[in-house]
Amino acid sequence: MAEATTGSIAKGATLNHISRESTDIRRLANFYKQIFGFEEIESPNFGDFKVIWLNLPSAFALHLIERDPTTKLPEGPWSATSAVADPSHIRRGHHICFSVSNFESFVHTLKEKGIENFESSVPNRGVKQVFFFDPDGNGLEVASLPPQQ
């Protein structure tokens, strides 16, 4: 394999935003605000479709985009033909992962809110994980911070 030249790679790349398409962007925005503490920020007016932009300070933005009813793409796992609604399947599928310093209390909050989840851990790393779905069926993971070495 040829080595990449210095000028061909993106230098200083950082995560800017993640977007999610939804038929109910308000419901999805409320979920991310309540569960992760996202803040709603000023969103542009695209005219023919609605958006809600959220920001997680010191992390990244989440852009929620009103679903185009003319597309043929599945909206999320809930519209798939296989049984993927089990949170234990997320760890091998598409998901977004957040890290938190209050892992145990975070999991407790999920349970209090009745959010079905699956707990696991990273082998030989001391990192705990919890997997669950947002209201549209997008896979989410929350991981504990690694133990101090």
Expected list for residues 43-50: side-chain donor-acceptor pairs under 3.5 angstrom, two or more places apart:
| from | atom 1 | to | atom 2 | distance (Å) |
| --- | --- | --- | --- | --- |
| Ser43 | OG | Ile41 | O | 3.4 |
| Ser43 | OG | Trp53 | N | 2.8 |
| Asn45 | OD1 | Gly47 | N | 2.7 |

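Residues that satisfy the side-chain contact (heavy atoms from CB on, under 4.5 Å) test with Ala59, not counting sequence neighbours, are Leu56. Residues forming a side-chain contact (heavy atoms from CB on, under 4.5 Å) with Ile18 (at least two apart in sequence, or on another chain): Leu15, Phe60, Leu62, Ile96. Evaluation of the ring-ring contact (aromatic ring centres under 6.0 Å, His included) rule for Phe106 yields Phe36 as partners, not counting sequence neighbours. Here Asn102 pairs with Ser105 under the side chain to side chain donor-acceptor pair (under 3.5 Å) rule; sequence neighbours left out.
Residues in residues 101-115 take part in these salt bridge (charged side-chain N to carboxylate O under 4.0 Å, His left out) pairs, two or more places apart or across chains: Glu104-Lys128, Lys111-Glu119.
Asp136 places no side-chain N or O within donor-acceptor distance of the main-chain N or O of Asn138, the cut-off being under 3.5 Å.
Residues Pro135 and Arg27 share a closest heavy-atom pair of CB-NE, 3.5 Å.
Side-chain contact check for Glu39 versus Pro57: some heavy-atom pair is nearer than 4.5 Å. Contact of the Leu145 side chain with the Val100 side chain is not registered, since no non-hydrogen atoms from C-beta on lie closer than 4.5 Å.
One distance of note links OG1 of Thr23 with CD of Glu66; it measures 9.0 Å at 0.5 Å rounding. Taking CG from Leu140 and CD1 from Ile35, the interatomic distance works out to 9.5 Å, rounded to the nearest 0.5 Å.
Each of Ile52, Asn55, Leu64 was checked for a side chain to side chain contact (heavy atoms under 4.5 Å, CB included) with Glu40, and the lone residue meeting it is Ile52.
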